[in-house]
Amino acid sequence: MKKITAILTVLALALAALCGTAAAEEKTYTIGICNYVDHASLNQIVASLKERLSAVAEERGVTIRILDDNANADGSVMQQIISNFIAEEVDLMVGVATPVAMTMQGMTEDQPIPVVFAAVSDPLAVELVSSLEEPGANITGTSDYLNTDAIIELIFAANPAAKNIALLYDAGQDASATPIAAAKALLEAKGVSYREYNGSNQQEVILAADAIIADGADAVFTPTDNTIMDAELAIAEKFAEAKIPHYAGADSFALNGAFLGFGVDYAELGRATADTAAAILLDGADPAKTPVRMFDNGIATINTDTAAAVGIDYETAAAAFAPFCTLVQPIATAENFE
Amino acid sequence: MSIDKWLGLGQTALELGLVNGLTVLALFLSYSMLNVCDLSTDGCFTLGAAVGTLTALAGYPLLSLPAAMLAGSVSGFVTAALQTRMGVQSLLAGIVVNTAIYSLNMALTGNRSTLSLIKAPTVFSMARDALKGTPLAGQYALLVLLAAAALAAVFLCLFLRTRLGLAIRATGSNADMVRSSSINPAFTTTVGLCLSNALTGLSGCLMAQQQKSFDVNMGQGMVTVALASLLIGGVFFGKNRSIPLRAAGTLLGAFLFRLVYMLALRLNMPAFMLKAVSAAIVVIAISGPYLKSQIPVLIRRGRAAGKGGTA
């Protein structure tokens, strides 16, 4: 194999020499983006990432070719997509969500291809980077680490008398483990009682939602949990009818009917991921020394339809939440971001 | 694209084919030989991956292989016990075990859905270190997987020639006859499922170590992929062939399955279409030989119709 490569390289060089030096062409870079699964927040990251990359390309007078695939949560397909990227000789790979980033890390162990991850909640815990400031290898990116305490504070800002909090999440989602532990610690410190409800698929989540309503919780908290997110359209109506506000860790929850989605602006995160990729590709930044960017910009998104159904006035809530976040914005229920 | 890159892609397909091939061999035993459709395969694959990952993380990469196989065979034993001793229907037994294993996996990993093996020694990193400086240095993953698949296939072939192996094959083709020969079909089913699930567990263990991470959902859809591969293998080496050829055919089928995926991805087919591709593969694999056998009949009919027309 090496011999063949060598011979081909020599031939190509000879050919180039024969033809004379080619005119200074526009430099072309190839980026392979692999998304983990079809999901409103993740899709939004990919969309804004691509948009930003093409803007940067235009600005800097280079061509950026983008290969874009979705692994549909299948580990084998993920490996094949990434090996396809390697075969295409991409200059950089972007892995959206933790499993993709981890597989890219494994498959580029013997290759010097830089990897930029997006929306990995806890890159330290899954050993993608050795520290947030100095990742130490070919991998860096953006994290959507959730500021759990801020969301829990919002619950009490809206309803100081809240006594029973339901924690709804999928125990199988790695991204949920840390924020749930943080939420429990804060609630215990406040002396408020809580109960955990789990579901690992849509049916189980719906059953868990019924249990929450039967138990009469004052509010529901969910971290950045993809399983609950997938079921949100189905459970939002139940919570609204039972007048229980659902506080969740991403604005896409509010889009799909949760009372409040707090957290990362994924469009902004996508743009920042693109900027990191551009810095590595165009300015020669070293991923080992490029810090992981955290997104804790605290945007509270309130679903006005649900707020009306639950009986919370939008203006009052927005005023109550204002001290805890950088921005409070309204949204109406829809399936996808515009 | 240079031939180098095509070879690189082919190699990924071959490696994945060999990893999945162990699961296909497992189904060859349970589905083709024992005539049991074992729907616990997805869960058992993940269980093997979980046990293998945890053992490797504890610092025993070599022990991880027998540990994953043992875990797989325990799962196979439960599936078998449910259907042979407790009156649970065969398909349902598999589904029940598959469901329960999810909880078991979460309990084993301490409620974590992903585990990273990037810093832990694995059988692959051991092979890489052992082969350092030799001409085969770059091929360590392929070599490990080839060895595993070949050993499993040879073992399976030898086993199926023993008395017990023959009894298992006989159970699959005619349980009543086996019973009348005073062999207990419950026993042969149990042994068969323990063995096949040991292979499935090994397959999951190698997959996790190869991709250097464990994900609690990594086994999802494995049974479909493995059945499809089994059927593709059957096209080349069907029921009338010898057992060793058929076993080799299953591995070939697993490779071809991945090769089709690779081509589909090369043709820029979106990844969500791949499920449709695998469905098409299964249909072609099953109906292809049938349609081929129908060609002479169609020709004869055509001739007959032609004659009828002139008469």
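Values below: all heavy atoms of this structure, side chains included; hydrogens, waters and symmetry mates excluded. Quick note on labels: first sequence line is chain A, next is B, and so on, each numbered from 1.
Ranked by heavy-atom pairs shorter than 4.5 Å toward chain B, the options A:M107, A:E109, A:Q173 are led by A:E109. Comparing A:A71, A:A177, A:S200, A:S76 by how many heavy-atom pairs each has under 4.5 Å with chain B, the most go to A:S76.
For A:D38, no part sits under 4.5 Å from any heavy atom of chain B, backbone or side chain. Heavy atoms closer than 4.5 Å to chain B are found nowhere in A:D68, neither backbone nor side chain. If you measure heavy-atom distances from B:L16 to chain A, the contacts under 4.5 Å come from the side chain alone. Neither the backbone nor the side chain of B:L117 comes within less than 4.5 Å of any heavy atom in chain A. B:M269 touches chain A through its backbone: at least one of N, CA, C or O sits under 4.5 Å from a heavy atom, while the side chain does not. Using a 4.5 Å cut-off between heavy atoms, B:M218 makes no contact with chain A at all. If you measure heavy-atom distances from A:L67 to chain B, you find no contacts under 4.5 Å at all.
Residue A:F117 forms a side-chain contact (heavy atoms from CB on, under 4.5 Å) with just one option from A:V94, A:V96, A:V129, A:V126, and that option is A:V129. Screening B:T41, B:N20, B:T23 for a side chain to side chain donor-acceptor pair (under 3.5 Å) involving B:S203 leaves a single residue, B:T23.
Taking the charged nitrogens against the carboxylate oxygens, B:K212 and A:E127 have no contact shorter than 4.0 Å, which rules out a salt bridge. A salt bridge links A:R65 with A:E88: the distance from a Lys NZ or Arg NE/NH1/NH2 to an Asp or Glu carboxylate oxygen falls below 4.0 Å. Using a cutoff of 4.0 Å between basic side-chain nitrogens and carboxylate oxygens, B:R258 and B:E15 are not scored as salt-bridged.
A donor-acceptor pair under 3.5 Å is formed between the side chain of B:D38 and the backbone N or O of B:S40.
B:L230 has its side chain within reach of B:F28: a pair of non-hydrogen atoms, C-beta onward, lies under 4.5 Å apart.
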